Amino acid sequence: MPQFIARRLFLLIPVMLGVVLVTFLIVRLIPGDPCVTMLGERATPAKCAVFLERYGLNDDIFTQFWRYLGNLFTGDLGDSIRFTRPVTTLIAERLPLTMELTLLAMFFSTTVGVLLGVVSALKRNTIIDTITMIIANIGVSMPVFWLGLLLAYFFALTLKGTPFVLPPSGRFSAGLSPINLAEFWGLEAPTGLKGFLVEFMSNTVFINVIITGDWKLFWDALRHLILPAVAVGTIPMSIIARMTRSSLLEVVGLDYIRAARAKGMTERRVISKHAMRNALIPIVTIIGIETGSLLSGAVLTETVFNLPGFGTSLVSAILARDYPVVQGFTLIIAIIFVLVNLIVDISYAYLDPRIRLE
Amino acid sequence: MKTTNELPQAAKARRRSPAGEALRHLLRHSSGRAGIIILTLLVLIAIFAPFIAPYNPTQILKDQKRRDPPCVHLLGCPKEEQQHLFGMDSNSRDLFSRVIFGSRLSLQVGVATMAFAILIGTLIGAISAYAGGWLDNFLMRTMDVLMAFPSLLLAIAIVSILGTGLINALLAIGIVSIPRFARLVRSTVLTVKDLEFVQASRAMGASGMHILFKRILPNAITPLIVQGTLGIATAILDAAALSFLGLGAEPPRPEWGLMLGEEKNSIFSAPHLVIFPGIAIMLTVLGFNLLGDGLRDTLDPRLTRAGK
Amino acid sequence: MVATYASYWDAASPNHKGRTGTFEYFGAFFGSFLNAESVVSELVDTNGLLSLSAPDCEYGGEFKSIEAVDTSTVKFTLCYPDPAFPSKVAFSVFSILDKDHLDLTQGDSVAISDNPNGTGPYKLVKWNRGDSVVFEANPDYWGEKAKTQQLIFRWSEQSAQRLLELQSANVDGIDNPGPDDIASIEADPNLKLYPRNGFNIFYIGFTNTVPPFDNLTVRQAITYAIDRQRIVDQYYPVGSSVSDSFVPAFVHPGASPDIPWWPYDPEKAKELLVEAGYTVD
């Protein structure tokens, strides 16, 4: 097992280098003079000379790349051109929300998906099976942003006055916000990695609430994330439901299951004890694949629900030619994605010993 | 009651084409059947759009009210008012006509992106598998890097390089879909490359190209068709998403995602503007998903054991 | 810590045409700096009263000198008459700041935004970037005290979302309802609509260095071809009007209602295009 992990980590290196190169190049390939785009009407040749010098855009591409790599290793992702604040600070402010949204969506899609799949498989070829599969098929075909709009309208307006009402936009209710951990701990404006971690943890509601005990904030944040999470998670939920069903059915026809049944095990135990473990393998794969779709869905949902997350700031940075932000953010997303796939590969190997030998 | 005269004919094997066989199986499969029905309807609507749609989809009907709710004469709308089955949008255009013509755009988007991705992906995958060595490694690592980004975000990034617009959105989605097909073709070629019938071909003196195209690639067709069909579904969703964000189809094209993006603020005053294009997207994508499922189950013998 | 300051324009001053402005500040502390790279000037400290003057007006800017006359008066001497000066000086980004605060933040705009030291009716409590800005009433305000203890700003780009928040009682008020939502707001007994002057002009500009827009006749033709009244009727809330100047009509100085704009005349547009060498169908 350790060798497997080591081997996988080693294979990661060329991919990560490729990712760094691609993010660097993508940003340089965006057409439009960054100075003119940033400064607009105030862009005079004199100002642009200063601008290009300040952001090191005058040097040739190799020098820029080398400098970029060097900065990466010290954790310096540059400053946003629009906000003149470090990209790392922006990441610490924006990423936690998207991560929470993605995790909640993943939780929703896995639990509901597996449940539907199991119910479907247990009651195969009955009306329940048909209905759940129809739901799954429709779910996989829905545009995320459309679903988000409809959910927001229904839960905020149609259900107004009922206890089921949910807020249609925003991350917190007006007036509530996470307590800054730096203040909470009495730290004096921490910088560097420590500053990043403190800011990141302050903005991650779950961690913040455990430290400060502000559970009211937690429930408020959760209520605001439910609808976006459902919107984002519906497609993966449907895929997982179908995959669970078919993989359970496939496994259930195998000999060792028949043996278990012949031994007298109840159907429920057969499924939960024997079938699920093998059925989990493709489910775990799907989770890995769907993280990408979850992250993409997060971008769309953040727009619909007005959440100040990673996705919206990335899109606006791209449109505004804010190079450092685009670079830093894309890199982070790719890293996360690659790491998630790595975890998926490893749990794959854990679930199926045959893979470890590859 | 068969007579002895028919025996010699009965001995001749009935020649059924594999495609016909597949179609027969597909129609028996409930998902496949539903998918084919939906898509046939869609294709007919797309082909006959000018006849079905009462108005030009980009024509602004100046004399009529904006954002009118649907007016269907059969359902009680007074005969003096112009009939608009789906109502009017914010620019005084007939929504029904726009949704109908939108089917053309979505079909074109789906098929074009997949054709592009399959073509290039097959090329890359075949070259990679056949050449082996460092070229294989390099190409596959490049595919890995492309797959390291969530597809929509990568598409957005590509669109920001190429510029917005439907063609560029198509290219972006196509590029993002290439790795999937490259890997598929590569693994098929690798599996089949050393099988006996291929070795026999080589022994008989067939050239590399001939082997590649005539013997190996046909094995890839089945999974390519399945993945391609399912890929059309996601391509349509991605194109709608890009248009929704303002990065894809440019106005006044009647693209469903663009319609949703333009009218998302009308959800209170004119909910029909949000409901109908959304349903159109959903049904189209559903059709392709069902068809893809059906194809996968009928064409891939390994899965038939598991039933549906 | 800045106490409070109020300013009023001394309209009776013989200089009020704009060359020199004398502002009375009530308990203000004065501190300012000029960009040292663009102007050669000296900050002179006379018994705690600062003053700064440019050697001449050649540097191209508006100020000749800024002097603290006494602890509660600042004198601005301008290089040229500027009738908009009082408005400019009242604008928040040009406000006079507390010297200690400036020394603390080094004049860095980000640091100042994070920790502002102002004198308005509300004080900043928290800026949740991307989400909201939270204020609370300033007990030391020199003028009419704030009506609410707390004030929170949130924003959304989508008018439907703003309305949804209002209707679901998550916010107490919204600005800029969508033009098509006005009817539903008026119909809703729980909501009240307050019209206000709109500050926006919608205009289309030509890049006159790019063909065919480098041809004056073409630009005129396009101007004649646009039916502005119809655009106003179709897309803008009731009460909007076709504008004939770049500045809303109620803004003075600025609006120039006596200068005519080109009318909607599609026939003339076609004529001009033909004149410019294009065929029109």
Side-chain angles (χ1 to χ4, degrees), chain A residues 11 14-19 21-23 26-27 29-31 124-125 129-130 133 137-138 140-147 149-150 152-153 157 235 242 245-247 249-253 291-297 299-300 303-304 311 314-315 318-319 321 326 330 333-335 337-338 341, chain B residues 30-31 34-35 137-138 141-142 144-163 233-234 236-238 240-241 244-247 256-257 260-261 264 267-268 271 274-275 277-279 281-290 293 297 302-303 305-308:
Chain A
L11 280 176
V15 173
M16 284 314 302
L17 239 108
V19 163
L21 189 62
V22 166
T23 43
I26 276 186
V27 157
L29 286 173
I30 297 178
R124 56 185 163 281
N125 299 326
D129 183 15
T130 323
M133 280 304 106
N137 275 322
I138 291 183
V140 104
S141 315
M142 273 211 192
V144 173
F145 46 94
W146 188 58
L147 183 58
L149 280 172
L150 294 177
Y153 180 79
L157 210 53
I235 292 187
R242 282 149 34 121
R245 182 185 181 279
S246 65
S247 111
L249 287 180
E250 184 175 328
V251 152
V252 140
T291 313
S293 126
L294 285 170
L295 283 169
S296 310
V299 174
L300 296 167
T303 316
V304 171
L314 177 58
V315 171
I318 291 178
L319 293 173
R321 313 275 186 273
V326 177
T330 349
I333 287 201
I335 292 178
F337 201 44
V338 164
N341 276 306
Chain B
S30 55
S31 296
N137 228 347
F138 172 71
R141 290 292 85 77
T142 316
D144 280 344
V145 167
L146 276 181
M147 291 186 90
F149 299 90
S151 55
L152 186 66
L153 293 178
L154 189 58
I156 292 177
I158 295 177
V159 161
S160 61
I161 296 176
L162 300 173
T234 39
I236 294 180
L237 279 176
D238 282 346
F244 178 79
L245 291 173
L247 302 171
W256 293 328
L260 282 175
K264 60 179 188 279
I267 194 165
F268 296 108
V274 171
I275 293 179
I279 293 185
I281 299 179
M282 194 183 78
L283 285 176
T284 310
V285 173
L286 184 67
F288 279 105
N289 274 324
L290 289 175
D293 279 348
D297 291 343
R302 279 175 298 163
L303 287 178
R305 222 174 0 114
K308 191 166 110 165

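Given the structure is predicted, the values throughout are model-derived calculations rather than measurements.
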Side chain, backbone, both or neither: which part of [X] has a heavy atom under 4.5 Å from chain B?
X	result
A:Val299	side chain
A:Leu17	neither
A:Leu294	neither
A:Val304	side chain

Within this structure, what is the [atom1]-[atom2] distance for the pair [X] and [Y], rounded to the nearest 0.5 Å?
X	Y	atom1	atom2	value
A:Ser296	B:Leu154	OG	CG	9.5 Å
A:Phe145	B:Lys264	CZ	NZ	10.0 Å
B:Ile281	A:Ser141	CD1	OG	11.5 Å
A:Met142	B:Leu237	CE	CG	11.0 Å
A:Leu295	B:Phe149	CG	CZ	12.5 Å
A:Ile138	B:Leu286	CD1	CG	6.5 Å

Item to complete: Return the option, out of B:Leu260, B:Asp238, B:Ile236, B:Asp144, with the maximum number of heavy-atom pairs under 4.5 Å with chain A.
Response: B:Leu260
Worksheet item: Pick from B:Leu146, B:Ile156, B:Val145: which one has the most heavy-atom pairs with chain A under 4.5 Å?
Response: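 Looking at each option in turn, the highest pair count goes to B:Val145.
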Can you say whether [X] sits under 4.5 Å from chain A via the side chain, the backbone, both, or neither, judging by heavy atoms?
X	answer
B:Ala241	both
B:Leu247	side chain
B:Leu153	both
B:Ile279	both

Worksheet entry | Note, A:Leu300 side chain near B:Leu152 side chain (heavy atom, < 4.5 Å) |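 Yes - at least one pair of side-chain heavy atoms lies under 4.5 Å apart.
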Fill in: Pairwise side-chain contact, A:Asn137 with B:Asp293, heavy-atom cut-off 4.5 Å (strictly under)
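Yes, side chains in contact.
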Fill in: Closest heavy-atom pair and its distance - A:Trp146, B:Met282
CZ3-SD, 4.0 Å
Response to the item:
Checked A:Gly297, A:Ala334, A:Pro14, A:Ala152 vs chain B; the most non-hydrogen pairs under 4.5 Å come from A:Ala334
